[in-house]
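Numbering of ligands and ligand atoms starts at 1, following listing order.
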Amino acid sequence: MRTVTTVAELRAALETARGKGRSVALVPTMGNLHSGHIALVKRARDEAGLVVASVFVNPLQFGANEDLDSYPRTLAADQEKLQSAGCDLLFAPTVEQMYPHGQQQLTRVSVPQVSEGLCGGSRPGHFTGVATVVCKLFNLVQPDVAVFGQKDFQQLAVIRRMVRDLDIPVRLIGEPTVRAANGLALSSRNGYLSAAERDLAPILYRVLTTLADQIRQGRRDHAALLAEGRASIEAAGLQVDYLELRDALSLETATAESRQLVLLVAAFIGRTRLIDNLQLDLDSLE
Ligand code: PAF
């Protein structure tokens, strides 16, 4: 695997690969890679002749009081993991390389509606930062395919909408969330948890599965159901940011008629904010 840090090197490497007729898959990341990211790279490996990963901690998507400065930068370990997973080319630019004209006056991509509420409500500007950097990465790499994790469900919805609305010629793949044996969704931010907090964290997935079972069994009093779920999470000592049931396709609040559903949760364990989600297809029950 080759690592490049400049746009010029990236473009040259891609030109060579394309000259040999290889299709390109992109896996954008912020590094600090875990098995969830590796699953994305392996999926990319199945999809294209050249697998490109990016590692870039994107300042545009962090709020003023968030963990931009403390976000783990683990490039050497990331390189080893990417190499073993079959990545061909790593793009690991500096902030100056990605935003050579600064961030203040930067053109931004903002995706209405699907960016609103949920994480977009708690993290104002976050999805504009994500959409902007992903749009830039798509323009730089021009991948045939790009692979993202379904763990960031709203992020994937935002990127899908951006690709649709801006006619970006890329096929998007959402890979299922990778979980620890106790159900905890793998996340770079799990590294912030103390041992005691790690024991508490799986409550999120337990509550999502309990709620999903109840919906499958016919419960349609969504507000009461979500209130019960919230109470269970808070009884375990976490602070719920949101727990919602949405239409999985539009991300609008689910109605009693919605068939493709997604339960989404964000909660604080101490100072660490974790997210998770669970999709349910009521049509597949019939
Ligand atoms: O999911 C992430 O790691 C980031 O939001 C992404 C898509 C790499 C954009 O910075």
* **Geometric cation-pi criterion, Arg271 with Tyr192: 6.0 Å, 45°** => no

Which protein N or O atoms sit under 3.5 Å from any N or O of ligand 1? Give each pair with its distance.
| from | atom 1 | to | atom 2 | distance (Å) |
| --- | --- | --- | --- | --- |
| ligand 1 | 1 (O) | Gln155 | OE1 | 3.4 |
| ligand 1 | 1 (O) | Gln155 | NE2 | 2.8 |
| ligand 1 | 5 (O) | Gln61 | NE2 | 2.9 |
| ligand 1 | 5 (O) | Gln155 | OE1 | 2.7 |
| ligand 1 | 10 (O) | Gln61 | OE1 | 2.6 |

Heavy atoms only: give me the nearest [X]-[Y] pair and the separation to one decimal.
X      : Y      : answer
Ile173 : Val145 : CD1-CG1, 3.5 Å
Leu14  : Val141 : CD1-CA, 3.7 Å
Val55  : Pro93  : O-CD, 3.6 Å

* Kindly compute the distance separating CD (Gln61) from CZ (Phe127), expressed to the nearest 0.5 Å. => 9.0 Å

* Carboxylate-amine/guanidinium proximity below 4.0 Å for Arg246 and Glu252 ->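 Looking at Arg246 and Glu252, the cut-off is not met.
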
